[in-house]
Amino acid sequence: MTHVTLRPDFETLIDPYAPVGQVGTGFDFTEGPIWHPVHHFLLFSDMPADVRRRWDAKRGVVEVKRPSNKCNGMTYDAELNLIVCEHATSSLIRERPDGRREVIASHFENQELNSPNDVCVHSSGAIYFSDPWYGRMPVYGVERPRQLGFQGVYRVPPGGGPPKLVVDRHLFDQPNGLCFSPDERLLYVNDTVQALIRVFDVEADGSLANARVFASGIRSELEPGLPDGMKCDQRGNVWVTAPSGVWVYSPAGDLLGKVRVPELVANLAWGGPDFRTLYLTATHSVYAIPVKAGPRHEPYMSGRISTEPTTGSAPAAPPQLASGDIQLDPRRCAMIIQDLQNDVIMEGGAFADSGSPGHARQQRVVDNVRRLAEAARARGVVIIHVWFVVEPGAPGVTLNAPLFEGLVDSGAMVRGSWGAAPVPGLEPRAGDFVVEKMRMSAWEGTRLETILKATGRDMIINTGAWTNMSVEHTARTGADKGYFMIVPEDCCSTMNADWHNASIKFAMQNVAVVTNADAVIRGLG
């Protein structure tokens, strides 16, 4: 089967001849795929049969829950608790690994929800879900009258609480799939009946604003299929079920191409050890397709089951030093890769005349950071890329310091430019986070701490450029905030060795454990 390329960028996401492999068939109607990042299996629902099943490469398809309350969309939270949309109970449920079942949401304004359908989790811990009334129809749910007179989209705040309606109650006919952009500034929600996708701005308090149509006309008179499941990849492209399979839209709303599948597709999820396999629940079967682009990072993809109490626990123990070596718990670690962008350290970049490219080569900073990041990922360390990015003309950058004046004067770090891009070899991988900033410190005005809290990380491996500026500022603030800062000095560079050594040998000694890449790799086990 040949997929359909409409714009060249499509073939950077998937091979046009990528095979569509069937991993299971013989089901009534499949939905809700989600991949477990630790145990490497796919969960999915067979709604009409009222069964939840799982698939893995060793055992194939096995039944795991009957009845399943005709569950539909599923995901995990940051602690790998399963979040389930139940049609039969009109509830959003949390299932903990020990079997405990908790109701997250079941009513709005003292009326039963219609039937939670699809769900996604924000890095803050807030949960967003759609609530059409398919679960009150025969076959896909339990036929019964509706209590609400509209179909909405809701947010449950971090830590729980009553669901809050976050869209106009008459905006959608049947809201269905929903997903965040990679930076979580946008939430996409599709409507199956209206055959379109809307996009909203996500405000600081979690509310949604500025609703507008992102893509429309997602239907065909020749082939079955409508918007249903939807996901965003790491580059911001939107993948949505549609006629013939899955349609892929660019962040600008351009239709890039179509992934063709033999059956009507209801939902999709990335999985596999490297999150480079796209799993599709398609009517009677489940399919798997190799892809080139990974998913946008979701909180569960860090892949660690938390067993620590969330409150009242003893103070965390610092990194341990034994026989001169550092000992680190990977479950508590995050690695920051900061400002390693073309304008900062590459020849031809805006700051090339500063000496930065030469010192980066002297330090072998790109090779060392890449090597450390690969080892850290393999051990479950969260990787966070921190980029200095401005819009054209640098609006919002105050000229209160020579560094910022130089940045504006040189036209550096402009979004979409070569200069703002990460240096070759340090591009984000599937499962990594990306944080943007407009200040030296990685903490200032960013969502860095939200990510660290959501993933339970309190030890920061601090790498990047420039040593005596961004790296040092980030280490100082991190120490003030109560994080344990680890600085591998051969994973940092600046304009020259004198400036680097002054920071490493004096300032950093008071706020961080200063070490090197090899010691950190050994310390992670």
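Every heavy atom of this structure was used, including side-chain atoms; hydrogens, water molecules and symmetry mates were not.
- Judged as a salt bridge (charged side-chain N to carboxylate O under 4.0 Å, His left out), and not counting sequence neighbours, the contacts of Asp339 are Lys437.
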* To do: Let me see the working for His385 and Asp432 under side-chain hydrogen bond (donor to acceptor under 3.5 Å, both in side chains), right down to the final yes or no.
  => CA-CA 7 Å; His385 302 260; Asp432 292 359; 2.8 Å; yes
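- Residues Tyr76 and His36 bring their aromatic ring centres within 6.0 Å.
- With sequence neighbours excluded, the residues forming a ring pair (Phe, Tyr, Trp, His ring centres under 6.0 Å) with Phe129 are Tyr154, listed by chain and number.
- Considering Tyr188, Trp247, Trp270, Phe10 in turn, Trp270 is the only one that fulfils the ring pair (Phe, Tyr, Trp, His ring centres under 6.0 Å) rule with Trp239.
- Not counting sequence neighbours, Glu427 has no partner by the salt bridge (charged side-chain N to carboxylate O under 4.0 Å, His left out) test.
- Heavy-atom contacts from other residues, nucleotides or ligands closer than 6.0 Å to CZ of Arg364 number 12 or fewer.
- Taking the ring axis of Phe44 as reference, the NZ or CZ atom of Arg54 does not stay both within 45° of it and closer than 6.0 Å to the ring centre.
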* Given Asp201 and Arg212, is the salt bridge (Lys or Arg N to Asp or Glu O under 4.0 Å) satisfied, shown in steps? -> CA-CA 9 Å; Asp201 295 331; Arg212 63 266 191 201; 3.0 Å; yes
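- With sequence neighbours excluded, the residues forming a ring pair (Phe, Tyr, Trp, His ring centres under 6.0 Å) with Trp55 are Tyr279, listed by chain and number.
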* To do: Apply the test salt bridge (Lys or Arg N to Asp or Glu O under 4.0 Å) to residues Glu298 and Lys231: give CA-CA distance (whole Å), side-chain angles for both, the deciding distance (0.1 Å), then the verdict.
  => CA-CA 11 Å; Glu298 299 192 39; Lys231 296 290 188 294; 6.0 Å; no
* Give the C-alpha distance, both sets of side-chain angles, the deciding distance and a yes or no for salt bridge (Lys or Arg N to Asp or Glu O under 4.0 Å) between Glu184 and Arg296. => CA-CA 9 Å; Glu184 297 184 326; Arg296 85 111 186 162; 3.1 Å; yes
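- Between Phe27 and Met47, the closest side-chain pair of non-hydrogen atoms is not below 4.5 Å.
- Each of Pro299, Pro157, Pro158 was scored for a side chain to side chain contact (heavy atoms under 4.5 Å, CB included) with Ser124, with one residue passing: Pro158.
- Counting only N and O atoms by type, the side chains of Gln151 and Arg146 include a donor and acceptor under 3.5 Å apart.
- Applying the salt bridge (charged side-chain N to carboxylate O under 4.0 Å, His left out) rule to Arg185 yields the partners Asp183, Glu436; only residues at least two apart in sequence or on another chain are considered.
- Remark: Phe29 pairs with Tyr140 by the ring pair (Phe, Tyr, Trp, His ring centres under 6.0 Å) rule, at least two apart or across chains.
- In summary, the side chains of Arg235 and Ser250 do not present any donor paired with an acceptor at a separation below 3.5 Å, with no hydrogens or angles considered.
- Ring geometry for His122 against Tyr128 counts as tilted: the plane angle lies between 30° and 60°, on a 0 to 90° scale.
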